[in-house]
Amino acid sequence: MDFVVSARKYRPNTFDTVVGQNSITSTLRNAIKNEHLAQAFLFCGSRGVGKTSTARILAKTINCSNKSEKIEACEKCDSCLSFNSGSSLNVYELDAASNNGVDEIRNLIDQVRIAPQLGEYKVYIIDEVHMLSQSAFNAFLKTLEEPPKHAIFILATTEKHKIIPTILSRCQIFDFARIKVKDIADHLALIADREKISAEPEALHIIAQKADGALRDALSIFDQIVTYSEDNITYENVISNLNILDYDYYFSIVESTLKEDIPSGLIILNEIIEKGFDPHNFIVGLANHYRNLLVCKDQRTAELLEVSESIKKKYIAQSQELNPNNLVRALGVLSKTDVEYKISKNQRLLVEMAIMQLCSIKQELEKKKSLTDIVEIIPFENEEIKDFITKENTTNNTPEKEHQNISRKKDNIPTDKKEDKNSKVKILSIKEMLQKNEEVNEEKKLLEENIPKNEYTLEELKIAWEKFAFKMKKQRKETIYNALIKRAPKKKSENEYILEVDNQIQIDYINPLFEELTSFIRSELNNYLITFKMEISQNQKIDIQFQTGKEKFMSLAKKNPNLHKLKERLNLEIEY
Ligand SMILES: [Zn+2]
């Protein structure tokens, strides 16, 4: 099959066919219509977003002798024909990346003086204008200040910040946006249709995503896939050709974390690595997956999801099983792994630990259950999506769904607000939270009225404090004695004191005796409102360097008790 490179064949040649830059093309059309066209433009934006194409279309349109009502070139007049065949003398292109010297600019300036033979305007496109040398810039500036009436300059750049203010102030500036994945995918679908190539929407979305906002890149990837898969572009052959990890892997990893199933998570990871995928890319991809899940928790942000409709439904269904706290925590774990990846000596273990941590987030959060979501979630009203979610939830209704039931059981706080049946996430308004707080405070007040609370001086508190410290010394608890005697407690508010310590190790040492310390001082002073809190002193706060593997393991296991289980289950030994 004789396949013309689609990037060239489908390069936009009218304002209407420029992809994803509607506001710019309509502004330009209006300017032409009202004859308010500026003489110098600066087109900014990353590569492949349509800067040069738009410049060429502008040049063709303003020279067309028979523009349509919609301000499009007629494609039939002499000027249009010469533009389309590439022989027009009214457009002059200079690539400043390779021609950045004074000579080239002088040559251009000489050209500018000559009026056009055919049509009204001569258009000068200078691509990558930030690459011009300083002297070339200076030579050009005067022409830009006082251009002849027939000359229009279009300067294009990928690096706007490198353009000097004297140029910026003389140009009308257009910022070309990165083209949306959906716009690119739609454009590819159009091409596929015209070329009679069958293409799965998911496949085109993957190509569009890979192109990262550049239509030109999308078209060349499209060509490459067409050659590879002939006339049938499928999701499968796109991901294998582009070496992209299948969405399904991310969905099943999250599934494992929901079941708190560490072994299955590790097995999936192993499969991914064996397929030759870079674990670091996997972490980045998984973070993006969680981001997508977070985004589709809310109808308002679900629009930010740049995937095909069928995948979008999958995301929405999975996001219903996770609460926002869980998602935010997961993103935290992954971003930390991402940062640590490069410096880690055992990168695979690092990624495995991330998965283990993801598997225990639910447990970890249940421990801190004092937190209730105050994020207001707008449930999905789209019938189709709602149906899909209920279907998904009934088809794989396993015992793992328990966590949803648990979270619903917590919903027993009286509220006059009509509960939304579709919302699976607890909504507790700020007002309700405050009410609840007030109740607690009331109870506390009652209690406080009946307990001994003699007055005391700071000096007396200090004496009681030292008494306790010496009691510790007598019991040969030197470490505690040293920590207590080193600093007197600091008053934070009425009856509230802070004990500053050097590090987490001291906190761990003192903690078991903290209650004893508090009640000792309370009874010494006969004031039972006194409370203490430990804090690591700010000027001592340095990261503890782990000396041994055991220390490291214990510290990790403290954060994630599942590590103990894993260690036992796999019969591992730690190298101490
Ligand atoms: Zn024409």
Side-chain angles (χ1 to χ4, degrees), residues 4-43 45 48-95 107-127 129 143-144 147-156 171-174 176 179 183 186-187 190-191 193-195 215-216 219:
V4 183
V5 178
S6 51
R8 214 173 302 151
K9 190 169 168 189
Y10 290 95
R11 201 166 183 160
N13 59 3
T14 58
F15 283 127
D16 242 358
T17 50
V18 175
V19 179
Q21 309 294 356
N22 285 344
S23 67
I24 291 176
T25 51
S26 73
T27 309
L28 288 174
R29 277 199 265 213
N30 277 333
I32 299 171
K33 196 174 172 183
N34 303 326
E35 295 180 350
H36 271 309
L37 208 60
Q39 276 200 285
F41 294 91
L42 181 66
F43 286 1
V49 293
K51 299 185 298 293
T52 321
S53 297
T54 308
R56 287 191 194 129
I57 294 165
L58 179 69
K60 181 168 81 177
T61 314
I62 54 179
N63 278 307
C64 172
S65 57
N66 192 18
K67 288 184 272 289
S68 74
E69 209 31 31
K70 279 177 73 194
I71 315 294
E72 292 283 13
C74 73
E75 314 287 345
K76 283 176 199 139
C77 69
D78 288 348
S79 168
C80 283
L81 291 177
S82 68
F83 262 98
N84 286 348
S85 66
S87 60
S88 174
L89 297 172
N90 285 354
V91 61
Y92 186 94
E93 284 184 49
L94 180 82
D95 182 8
N107 188 15
L108 183 137
I109 294 167
D110 288 342
Q111 290 247 351
V112 171
R113 294 202 193 104
I114 309 161
Q117 306 263 296
L118 182 75
E120 261 183 275
Y121 300 98
K122 271 187 150 185
V123 178
Y124 298 89
I125 303 170
I126 305 180
D127 222 355
V129 68
T143 312
L144 194 64
K149 254 192 148 179
H150 61 261
I152 287 182
F153 292 100
I154 300 175
L155 315 179
C171 295
Q172 185 177 5
I173 301 169
F174 284 101
F176 282 65
I179 308 171
D183 289 341
D186 286 349
H187 189 69
L190 198 89
I191 296 172
D193 191 47
R194 285 197 197 149
E195 294 291 325
L215 185 67
R216 201 168 39 212
L219 290 171

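Order of appearance sets the numbers: ligands from 1, and atoms from 1 within every ligand.
- Heavy-atom neighbours of Leu81 CG from other residues, nucleotides or ligands within 6.0 Å: above the threshold of 12.
- Across Pro12 and Ile57, no two heavy atoms sit closer than the pair O-CD1, 3.8 Å.
- When all heavy atoms are compared, the tightest approach of Gly48 to Arg216 is N-NH2, 3.4 Å.
- Looking at Lys60 and Asn13, their side chains never bring a donor and an acceptor atom within 3.5 Å of each other.
- Between Phe176 and Phe43, the ring planes are tilted. Angles from 30° to 60° get that label.
- Closer than 2.8 Å to the Zn ion (ligand 1) sit the protein N, O or S atoms Cys64 SG, Cys74 SG, Cys77 SG, Cys80 SG.
- Scored by the side chain to side chain donor-acceptor pair (under 3.5 Å) test, Gln39 finds no partners at all (sequence neighbours excluded).
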